[in-house]
S.K.: 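A single structure is presented below for examination.
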Amino acid sequence: LMDVTTTSGVQSLTEWIQVMAKLYQLDDLVAKLPVDRRSLKTALEGSIKMSFVKWYHSLYDMSRLKSILLQCYALKAVSESCLTLCNTIQNSISPEVKRLTGVDYLAIYVASLDTLFSPAVMDLMERWSQKKELAATTSYALYLNTKRMCVITKQLEATDLKGLQLMNCQCWFKKMVPVWLNAALVTCKERIDRAVEEDKIAIVTDEVCYSSSLVDTLTFLHQMVDFWNNLEWTSPEETYAFVGELINCITDAAKYYVEQIYTRAFEHTSGMEQFSITVRECIILNSMKHMQLMLSPEPSSSAVAGLLDELELHKTFDWLQQEIGIGEQGRILVGNVVKSAAEDIGQKITSESEKLVMQFIPAIRVFIDEAMQAAQGATIEQVLSPLGEYLNTNLKTLSSNLLFSVFRNLLEDI
């Protein structure tokens with residue numbers, strides 16, 4: 001029951017092992033022990049197992065926790081303690097114990113862990129996956145801790161790995177992956193809301209002609225893929241399905257951003273006697289267009305890398321092709337989903353461009369009415385000069401601040 005998660009605890013245990021190893025070299029003393037304890041190896045293995053069982057039950061008593069959520073919170077805390085102990089045993093205890101006694105402390109610890117921790121997690125995940133209203137973050141943290149323990153476990157000899165339930169831990173959590181992806185999408189949308197709300201709609205730098213909220217959103221999308229990569233899922237068949245859901249989440253979040261920034265386009269123009277284009281509208285259109293290009297780059301936009309390329313999902317498809325021969329099929333299906341999302345964003349851009357053009361009409365009508373009422377004898381230049389100046393000023397603002405492809409389409413609308 002010694003606390004071996006501290007430096008002093010590790011030192012004390014190591015010293016104790018050293019003393020025991022010397023005592024077991026005294027034949028007269030060993031002869032007085034019970035038969036089943038005359039071997040240091042046997043005695044030590046039994047002590048390790050018994051100590052772990054007592055330690056584990058002191059941390060986790062499921063009978064006291066009636067709520068599934070409370071059980072998961074408790075088991076997550078247990079997993080953190082088990083992972084800490086696992087790291088300590090691997091790095092600081094097991095090598096010395098094995099040198100002195102021939103006992104593989106880590107192998108015994110993992111075997112004991114497997115008999116208590118694994119069934120508890122399996123049972124909890126089976127019941128929790130049916131409770132969709134529960135938060136996903138706790139089970140995700142529990143999975144990451146369990147996965148890290150698996151990584152350490154894989155360093156054991158092959159004979160010690162046989163029959164370990166811990167090696168199949170992804171099977172316990174696979175029903176939770178869609179729940180985690182949905183939670184990641186919800187979190188991403190909440191962050192997009194804050195980013196758009198706090199966006200001052202100003203150019204980030206001279207080289208970047210879109211707003212800070214787009215930069216933030218692209219970061220959020222990368223975080224969703226980082227979340228997926230951290231799972232390190234090993235089943236090709238399940239990965240194929242999960243990557244499809246991941247892409248749906250990414251495109252959903254991208255379209256959600258465009259919808260939110262779209263609502264900011266003309267919020268400051270209501271009540272204006274004469275509409276004038278500002279850098280603000282240009283930045284919003286640029287941000288929407290850049291998101292579209294990130295999903296589906298145009299051949300002429302070599303400077304803009306596609307989102308799928310940036311997120312390196314092509315590696316996943318290459319692996320799926322190699323493992324189960326459906327990588328290319330998956331690439332096509334995902335490409336269609338992304339293309340559809342890009343087309344939806346394109347429609348939003350067209351809609352805003354049309355609204356932008358419509359904003360000019362009342363002012364142009366006023367200029368035309370004034371031209372028609374001009375004094376007799378006025379020259380064409382005098383009559384049309386105010387209208388020309390108005391159009392020239394606004395078109396100059398557009399040409400100076402819009403991406404070329406957006407400006408070209410806007411000119412066609414005008």
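Keep in mind that this is a model prediction, so the values were computed, not measured.
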S.K.: So how far is it from T146 OG1 to M125 CE, rounded to the nearest 0.5 Å?
M.R.: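 Spacing of OG1 (T146) from CE (M125) equals 8.5 Å.
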
S.K.: Run the side-chain hydrogen bond (donor to acceptor under 3.5 Å, both in side chains) check on S139 and W180 step by step: do they pass?
M.R.: CA-CA 9 Å; S139 62; W180 294 338; 2.8 Å; yes

S.K.: If you apply the rule salt bridge (Lys or Arg N to Asp or Glu O under 4.0 Å), what do you find for E45 with K41, and how did you get there?
M.R.: CA-CA 6 Å; E45 287 174 349; K41 187 174 185 295; 2.8 Å; yes

S.K.: Is any side-chain heavy atom of N145 closer than 4.5 Å to a side-chain heavy atom of C82?
M.R.: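 SC-SC contact between N145 and C82 ruled out.
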
S.K.: Does a donor on one side chain sit under 3.5 Å from an acceptor on the other, for S340 and E343?
M.R.: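 Note: S340 and E343 side chains miss the donor-acceptor criterion.
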
S.K.: Does L164 offer a backbone N or O that forms a donor-acceptor pair with the side chain of D114 under 3.5 Å?
M.R.: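 No; zero donor-acceptor contacts below 3.5 Å.
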
S.K.: Taking the six-membered ring where the residue is Trp, are the ring centres of F227 and Y140 under 6.0 Å apart?
M.R.: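 Ring-ring flag for F227/Y140: true, centres closer than 6.0 Å.
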
S.K.: Is the shortest side-chain N to carboxylate O distance from K255 to E259 below 4.0 Å?
M.R.: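 So K255 does not pair with E259 through a salt bridge.
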
S.K.: Quick one, T138 and L142 - any side-chain contact, counting heavy atoms below 4.5 Å?
M.R.: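 They are not in contact (no side-chain heavy atoms under 4.5 Å apart), so the answer is no.
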
S.K.: Rounded to the nearest 0.5 Å, what separation is found between the CD atom of Q329 and the CZ atom of F317?
M.R.: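 The CZ atom of F317 is 11.0 Å from CD of Q329, to the nearest 0.5 Å.
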
S.K.: Can you name the one residue among T251, D193, T217 that meets side-chain hydrogen bond (donor to acceptor under 3.5 Å, both in side chains) with Y256?
M.R.: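 Testing each of T251, D193, T217 against Y256, the sole residue satisfying side-chain hydrogen bond (donor to acceptor under 3.5 Å, both in side chains) is D193.
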
S.K.: Under a 3.5 Å threshold, yes or no: a donor from one side chain and an acceptor from the other, between K289 and Q292?
M.R.: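 Per modelled atom types, K289 and Q292 side chains form a pair under 3.5 Å.
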
S.K.: Go through the structure and list residues passing salt bridge (Lys or Arg N to Asp or Glu O under 4.0 Å) with K396, not counting sequence neighbours.
M.R.: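 With sequence neighbours excluded, K396 shows a salt bridge (Lys or Arg N to Asp or Glu O under 4.0 Å) to no residue whatsoever.
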
S.K.: Set out, in order, the CA-CA distance, both residues' side-chain angles and the distance that settles side-chain contact (heavy atoms from CB on, under 4.5 Å) for W16 and Q11, then state yes or no.
M.R.: CA-CA 9 Å; W16 180 82; Q11 184 177 354; over 6 Å; no

S.K.: For the pair S400 (side chain) and T397 (backbone), establish whether a donor and an acceptor sit closer than 3.5 Å, ignoring hydrogens and angles.
M.R.: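 It does not hold such a pair.
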
S.K.: Assess the residue pair D216 and R194 against the criterion (salt bridge (Lys or Arg N to Asp or Glu O under 4.0 Å)); give the C-alpha distance rounded to whole Å, side-chain angles, the decisive distance to 0.1 Å, and a yes or no.
M.R.: CA-CA 10 Å; D216 293 338; R194 288 196 295 271; over 6 Å; no

S.K.: Taking side chain as C-beta onward, heavy atoms only, is L161 less than 4.5 Å from T153?
M.R.: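 When only atoms from C-beta onward are counted, T153 and L161 do touch, with a gap below 4.5 Å.
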
S.K.: Any idea which heavy atoms bring V338 and L295 closest together, and the distance?
M.R.: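 Scanning both residues, the minimum pair turns out to be CG1-O, 2.9 Å.
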
S.K.: Is the shortest heavy-atom distance from the side chain of L333 to the side chain of V337 under 4.5 Å?
M.R.: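 They are not in side-chain contact.
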
S.K.: Using modelled atom types and a 3.5 Å cut-off, is there a donor and acceptor pairing between side-chain atoms of N168 and backbone atoms of C171?
M.R.: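 No, the answer is negative, given that no donor and acceptor are paired below the 3.5 Å cut-off.
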
S.K.: Backbone N or O of T115 within a donor-acceptor pair of the S118 side chain at under 3.5 Å?
M.R.: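 Not confirmed, S118 side chain does not pair with T115 backbone.
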
S.K.: Could you walk me through whether L391 and F367 pass the side-chain contact (heavy atoms from CB on, under 4.5 Å) check?
M.R.: CA-CA 11 Å; L391 290 174; F367 284 119; over 6 Å; no

S.K.: Can you tell me how far apart CG (D199) and OG (S212) are? Round to the nearest 0.5 Å.
M.R.: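 Atom-to-atom, D199:CG and S212:OG are 3.5 Å apart.
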
S.K.: Could you check T187 against E190 for side-chain hydrogen bond (donor to acceptor under 3.5 Å, both in side chains), going step by step and ending with a plain yes or no?
M.R.: CA-CA 5 Å; T187 301; E190 290 173 350; 4.8 Å; no

S.K.: Is it true that the side chains of S353 and D413 contain a donor and an acceptor less than 3.5 Å apart?
M.R.: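 Note: S353 and D413 side chains miss the donor-acceptor criterion.
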
S.K.: If every non-hydrogen atom of H222 is compared with every non-hydrogen atom of L218, which pair is closest and at what distance?
M.R.: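 Closest approach of H222 to L218: ND1-O, 2.7 Å.
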
S.K.: If I compare all heavy atoms of R37 with all of S47, which pair ends up nearest, and what's the gap?
M.R.: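 Shortest heavy-atom contact: NH2-OG, 4.0 Å.
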
S.K.: Has S287 got a side-chain atom pairing as donor or acceptor with S211's backbone, closer than 3.5 angstrom?
M.R.: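 Such a contact is found between S287 side chain and S211 backbone.
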
S.K.: Does the pair M288 and Y210 meet the rule for a side-chain contact (heavy atoms from CB on, under 4.5 Å), with working shown?
M.R.: CA-CA 9 Å; M288 296 168 67; Y210 42 79; over 6 Å; no

S.K.: Can V10 and I93 be said to form a side-chain contact (heavy atoms from CB on, under 4.5 Å), step by step?
M.R.: CA-CA 7 Å; V10 170; I93 299 175; 4.2 Å; yes

S.K.: Closest approach of V121 and F173, non-hydrogen atoms and distance?
M.R.: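 Nearest pair, atom of V121 first, then F173: CG1-CZ, 3.6 Å.
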
S.K.: Using a 3.5 Å distance criterion without hydrogens, assess whether the side chain of Y257 forms a donor-acceptor pair with backbone atoms of L214.
M.R.: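 Side chain of Y257 to backbone of L214: a pair is present.
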
S.K.: Nearest 0.5 Å please: distance from the CG atom of D344 over to the CG atom of D252.
M.R.: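 These two atoms lie 10.5 Å from each other.
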
S.K.: Quick one: closest heavy-atom pair of W233 and V177, and the distance?
M.R.: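 Where W233 meets V177 most closely, the heavy atoms are CH2-CG2, 3.7 Å.
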
S.K.: Counting N and O atoms only, with roles assigned by atom type, does the side chain of D123 sit under 3.5 Å from a partner on the main chain of P119, one being a donor and the other an acceptor?
M.R.: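 Not at all, since once roles are kept as given, no pair shorter than 3.5 Å links the two residues.
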
S.K.: Could you tell me whether the side chain of Q155 and the main chain of I152 form a donor-acceptor pair under 3.5 Å?
M.R.: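 Answer holds: no.
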
S.K.: Please give me the minimum heavy-atom distance between Y105 and I48, naming the atom from each residue.
M.R.: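 Y105 and I48 have their closest heavy atoms at CD1-CD1, 3.6 Å.
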
S.K.: With a 6.0 Å cut-off (strictly less than), is the heavy-atom count around CD of E15, excluding the residue itself, greater than 12?
M.R.: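 Check passes, neighbour count above 12.
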
S.K.: Hydrogens and angles aside, do S235 and Y240 bring a side-chain donor and acceptor to less than 3.5 Å of each other?
M.R.: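 Per modelled atom types, S235 and Y240 side chains form no pair under 3.5 Å.
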
S.K.: With a 4.5 Å cut-off on side-chain heavy atoms, are L398 and L356 touching?
M.R.: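 Yes, close enough: below the 4.5 Å cut-off.
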
S.K.: Looking only at the aromatic ring of each residue, does the gap between the centers of W172 and Y143 stay below 6.0 angstrom?
M.R.: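 No, they do not, as the ring centres are separated by 6.0 Å or more.
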
S.K.: Might you work through the side-chain hydrogen bond (donor to acceptor under 3.5 Å, both in side chains) test for S112 and Y56, ending with a clear yes or no?
M.R.: CA-CA 10 Å; S112 302; Y56 182 86; over 6 Å; no

S.K.: Please confirm whether the backbone N or O of R38 pairs with a side-chain atom of T42, one donor and one acceptor, at under 3.5 Å?
M.R.: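 Checked: no pair found.
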
S.K.: Does the side chain of F242 reach to within under 4.5 Å of the side chain of P178, using non-hydrogen atoms?
M.R.: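 In contact.
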
S.K.: Should we count CG of D27 as having more than 12 external heavy atoms under 6.0 Å?
M.R.: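 Not buried by this count: 12 neighbours or fewer within 6.0 Å.
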
S.K.: Does T234 reach the side chain of T239, with side-chain heavy atoms less than 4.5 Å apart?
M.R.: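 No; the side chains remain at least 4.5 Å from each other.
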
S.K.: Any donor and acceptor pair, going by atom type alone, linking the side chain of N394 with main-chain N or O of S276 inside 3.5 Å?
M.R.: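 Answer holds: no.
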
S.K.: Once rounded to the nearest 0.5 Å, what's the spacing between atom SG of C282 and atom CG of L403?
M.R.: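 Rounded to the nearest 0.5 Å, the SG-CG separation comes to 9.5 Å.
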
S.K.: Rounded to the nearest 0.5 Å, what's the gap from CE on M291 to CG on L221? Could you check?
M.R.: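 So the CE of M291 and the CG of L221 are separated by 5.5 Å.
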
S.K.: Give the intermediate values and the outcome of salt bridge (Lys or Arg N to Asp or Glu O under 4.0 Å) for residues E96 and R99.
M.R.: CA-CA 5 Å; E96 182 67 8; R99 184 183 70 81; 2.7 Å; yes

S.K.: Would you say the side chain of F52 lies within less than 4.5 Å of the side chain of L116, judging by non-hydrogen atoms?
M.R.: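 Yes, side chains in contact.
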
S.K.: Give the intermediate values and the outcome of salt bridge (Lys or Arg N to Asp or Glu O under 4.0 Å) for residues K147 and E232.
M.R.: CA-CA 9 Å; K147 178 175 69 70; E232 296 181 323; 3.0 Å; yes

